[in-house]
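Owing to the predicted nature of the structure, the values given are computational and were not obtained by experimental measurement.
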Amino acid sequence: VLDSQYGMYVWPCAVVLAQYLWAQRGSLRGKRVLEIGAGVSLPGLLAAKCGAEVTLSDSEELPRCLQNCRRSCLLNDLPHLPVLGLTWGRVSPELLSLAPVDFILGSDVFFDPKDFEDILTTVYFLLEKNPHAQFWTTYQVRSADWSIEALLCKWKLKSIRVPLRAFSADKEHLASSSLPGRHTIEMMIISLARSDGT
């Protein structure tokens, strides 16, 4: 599984985020969704199947991942979903020309601490352009030393933790996928903090 292009696999966090999307499926129809670090795109594809207008993205530096996104679209009868090369932390013409979004999805994007600030820089940019939007993300707790709290404050973002039991994802197996201990996967919703910090 340890490949230089992690986006070639369905990771457990993608399954948990897909479960959250399924629980929210009634509110997805007609919404504009961007999945960042999409890889095989399970959450984004499910959002599209639930009626959302979805754009998938992964790093422009990882053509195999972008190709994999497109292949996932074809295999799921969604050949017209846009797939963009967006690299975290980089302001590109593709990022600048993105249509408005309601939801940003990211499963297990908080994998390598060296990427955390670039991810939140990109998320902040998108939320500034779309102040009503939210970033729905799942991540696996890999180290007690890894945290994004200071970066959330720096970028004037707030987060709300969503308990897995709230959307029936607090199980050892989900969608026939064996999860690596349900206590190690977390779900949160990130949005812009108000001027008073809340």
Side-chain angles (χ1 to χ4, degrees), residues 1 5-29 31-59 62 65-66 68-69 72-73 75-76 78 81-84 86 88 101-112 115-116 119-120 122-123 126-127 130 133-142 146 148 152 157-191:
V1 171
Q5 296 188 3
Y6 300 118
M8 303 302 286
Y9 307 95
V10 176
W11 293 85
C13 287
V15 177
V16 173
L17 185 55
Q19 178 76 9
Y20 183 75
L21 291 166
W22 184 249
Q24 301 296 317
R25 64 189 177 274
S27 63
L28 290 173
R29 180 164 297 287
K31 297 296 184 185
R32 297 157 305 187
V33 173
L34 169 69
E35 185 175 4
I36 63 171
V40 296
S41 315
L42 175 62
L45 293 173
L46 179 63
K49 293 281 188 176
C50 291
E53 297 173 26
V54 175
T55 299
L56 303 172
S57 72
D58 212 312
S59 174
L62 301 174
C65 287
L66 293 169
N68 212 29
C69 285
S72 292
C73 292
L75 291 171
N76 286 280
L78 296 165
L81 284 189
V83 176
L84 299 177
L86 295 178
W88 302 326
V101 296
D102 299 299
F103 300 109
I104 305 158
L105 307 177
S107 65
D108 217 1
V109 294
F110 295 108
F111 180 84
D112 189 339
D115 294 327
F116 290 3
I119 294 163
L120 289 176
T122 300
V123 168
L126 291 166
L127 292 176
N130 305 276
Q134 295 179 332
F135 177 38
W136 294 355
T137 185
T138 51
Y139 62 97
Q140 187 170 348
V141 179
R142 293 182 171 87
W146 296 2
I148 63 168
L152 289 173
L157 298 169
K158 65 177 180 177
S159 68
I160 298 169
R161 188 175 166 276
V162 180
L164 300 189
R165 71 181 172 279
F167 55 100
S168 302
D170 58 339
K171 301 173 178 16
E172 294 295 337
H173 290 82
L174 198 59
S176 300
S177 175
S178 180
L179 301 177
R182 62 179 175 256
H183 61 283
T184 66
I185 296 177
E186 301 284 337
M187 162 88 197
M188 69 177 149
I189 296 173
I190 296 175
S191 58

- Task: Considering non-hydrogen atoms only, spot the tightest contact between I185 and C13 and give its length.
- Result: CG2-SG, 4.1 Å

- Can you tell me if NZ on K49 sees more than 12 non-hydrogen neighbours from other groups inside 6.0 Å? yes

- Message: When you compare the side chain of L86 with that of T122, does any pair of heavy atoms fall below 4.5 Å?
- Response: no

- Flag the pair P163 / D170 as yes when at least one side-chain heavy-atom distance between them is below 4.5 Å, and no otherwise. no

- Task: Can you spot which of Q134, R32, K31 makes a side chain to side chain donor-acceptor pair (under 3.5 Å) with D102?
- Result: R32

- Separation between CH2 of W22 and CG of L28, rounded to the nearest 0.5 Å: 10.5 Å

- Query: Below 4.5 Å, heavy atoms only, C-beta onward: do S107 and L42 meet side chain to side chain?
  - Reply: no

- Nearest non-hydrogen partners of D58 and G39, listed with the distance: OD2-N, 2.8 Å

- Message: Does any part of the side chain of T137, heavy atoms only, come nearer than 4.5 Å to the side chain of Y20, both counted from C-beta?
- Response: no

- Least distance between heavy atoms, P43 atom then L21 atom: O-CD1, 3.2 Å

- Message: For the OG atom of S57 and the CD atom of E35, what is their distance to the nearest 0.5 Å?
- Response: 7.5 Å

- Is the CZ atom of R165 crowded by more than 12 outside heavy atoms at less than 6.0 Å? no

- Item | Closest approach of V16 to A169 (non-hydrogen atoms, all atoms of both residues) | CG1-CB, 4.1 Å

- Do W88 and V123 come close enough that some side-chain heavy atom pair is under 4.5 Å? no

- Message: Distance check, rounded to the nearest 0.5 Å: I190 atom CD1 versus I104 atom CD1?
- Response: 9.5 Å

- Which heavy-atom pair separates L56 from V54 by the least distance, and what is that distance? CD2-CG1, 3.8 Å

- Between NZ on residue K158 and CG on residue L152, distance to nearest 0.5 Å: 12.0 Å

- Check A48 against L81 and note the closest heavy-atom contact, atom names and distance. CB-CD1, 4.0 Å

- The reported gap from OG1 in T138 to CG in L105 (rounded to nearest 0.5 angstrom) is 9.0 Å

- Message: If you define the side chain from C-beta out and look only at heavy atoms, does anything of V162 sit under 4.5 Å from F167?
- Response: yes

- Nearest-0.5 Å distance, CZ of residue F110 to CD of residue Q140: 14.5 Å

- Item | Min side-chain heavy-atom separation F135-V109 under 4.5 Å | yes

- Query: With a 4.5 Å heavy-atom cut-off, do V101 and T55 have their side chains touching?
  - Reply: no

